[in-house]
Visitor: 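Below is the structure I would like to discuss, written out as structure tokens.
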Amino acid sequence: MEQNSTELDFLSAYGGSSSEGDGEAIFAALQRFLKAGGVQTKLNRKKDTVAFSFGKAKCEPNGCEISFEGANLPLVASDLLQSGFTRGVLDDNRMKGSVVMTEWGSEQRRFIERLVEYFTHVE
């Protein structure tokens, strides 16, 4: 059993929402999830931020703020109002937005997956 736990650490990127309200845990889970999805990231430890081709994420005490930008984003305002999200903003022309993830659950993972899939096919 010990062998399995060391070999399957990557699965924590897909874990439940046990990190609710823990900004550092959500930020770390987001980074692992992006890496698992093949997204190149650049971490700035001093500022607790990570940048990627379509935006950036910032660690906050009670969550992780993610901002994103691109033409014709595959989102609507209600996508940023789901459980586990706060302070969601999407501009009227759907070219940029931001949201704070206060949980790392299935809604947040699917939200990030949608962005990654969109930008993988656009670039």
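Computed from a predicted structure; not experimentally measured. Side chains included, hydrogens not; waters and symmetry mates left out as well; all remaining heavy atoms used.
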Visitor: Distance check, rounded to the nearest 0.5 Å: Cys59 atom SG versus Arg45 atom CZ?
Guide: 12.0 Å
Visitor: May I have all residue pairs that pass ring-ring contact (aromatic ring centres under 6.0 Å, His included) and include part of residues 67-93, sequence neighbours excluded?
Guide: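 Listed by first then second residue: Phe68-Phe111, Phe85-Phe111.
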Visitor: Can you name the side-chain contact (heavy atoms from CB on, under 4.5 Å) partners of Lys96, sequence neighbours left out?
Guide: Glu69, Asp91
Visitor: Report the residues that fulfil side-chain contact (heavy atoms from CB on, under 4.5 Å) with Lys47, sequence neighbours left out, ordered by chain and then residue number.
Guide: Asn44, Thr49
Visitor: With hydrophobic residues grouped by side-chain heavy-atom distances under 4.5 Å, do Ile66 and Leu81 end up in a single group?
Guide: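 Result: no, two separate clusters.
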Visitor: Would you call the rings of Phe54 and Phe119 parallel, tilted or perpendicular, where under 30° means parallel and over 60° means perpendicular?
Guide: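 The arrangement is parallel - the two ring planes meet at less than 30°.
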Visitor: To the nearest 0.5 angstrom, please state how far the OG1 atom of Thr102 sits from the CD atom of Glu65.
Guide: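 These two atoms lie 12.5 Å from each other.
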Visitor: Which atom pair, heavy atoms only, marks the closest approach of Ile26 to Cys64?
Guide: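 That closest heavy-atom pairing would be CG2-CB, 3.6 Å.
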Visitor: Who passes side-chain contact (heavy atoms from CB on, under 4.5 Å) against Thr41, sequence neighbours left out?
Guide: Leu34, Val39, Val50, Phe52
Visitor: Taking all non-hydrogen atoms of both residues, which atom of Phe27 and which atom of Ala57 are closest, and how far apart?
Guide: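 Where Phe27 meets Ala57 most closely, the heavy atoms are CE1-O, 3.6 Å.
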Visitor: Do Phe33 and Leu43 share a hydrophobic cluster, counting only Ile, Leu, Val, Met, Phe, Trp and Tyr and linking them when any side-chain heavy atoms are less than 4.5 Å apart?
Guide: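 Yes: a chain of side-chain contacts under 4.5 Å links Phe33 to Leu43.
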Visitor: Rounded to the nearest 0.5 Å, how far apart are NZ of Lys58 and OG of Ser98?
Guide: 12.0 Å
Visitor: Is there a path of hydrophobic side-chain contacts, each under 4.5 Å between heavy atoms of I, L, V, M, F, W or Y residues, that connects Trp104 with Val100?
Guide: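 Unlinked, Trp104 and Val100 end up in two clusters.
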Visitor: Tell me, please, which residues at least two apart from Asn72 pass side chain to side chain donor-acceptor pair (under 3.5 Å).
Guide: Arg94
Visitor: When hydrophobic residues are tied together by side-chain contacts of less than 4.5 Å, even through go-betweens, does Val116 share a cluster with Leu73?
Guide: yes
Visitor: Going by heavy atoms in the side chains, are Leu90 and Asp79 under 4.5 Å from each other?
Guide: no
Visitor: List in chain and number order the residues that pass salt bridge (charged side-chain N to carboxylate O under 4.0 Å, His left out) with Arg87, two or more places apart in sequence or in another chain; answer none if no residue qualifies.
Guide: Glu60
Visitor: Would you mind listing every salt bridge (charged side-chain N to carboxylate O under 4.0 Å, His left out) that reaches into residues 33-43, with sequence neighbours excluded?
Guide: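 Checked against salt bridge (charged side-chain N to carboxylate O under 4.0 Å, His left out) - neighbours excluded - no pair reaches residues 33-43.
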Visitor: Between the side chains of Arg114 and Glu117, is the shortest nitrogen-to-carboxylate-oxygen separation below 4.0 Å, so that they form an ion pair?
Guide: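 A salt bridge is absent here (no side-chain N lies under 4.0 Å from a carboxylate O).
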Visitor: To the nearest 0.5 Å, tell me how far Glu107 CD sits from Ser83 OG.
Guide: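 Here the interatomic distance stands at 6.0 Å.
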Visitor: Quick one: side-chain contact (heavy atoms from CB on, under 4.5 Å) partners of Asn62, sequence neighbours excluded?
Guide: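 For Asn62 there are no side-chain contact (heavy atoms from CB on, under 4.5 Å) partners, ignoring immediate neighbours.
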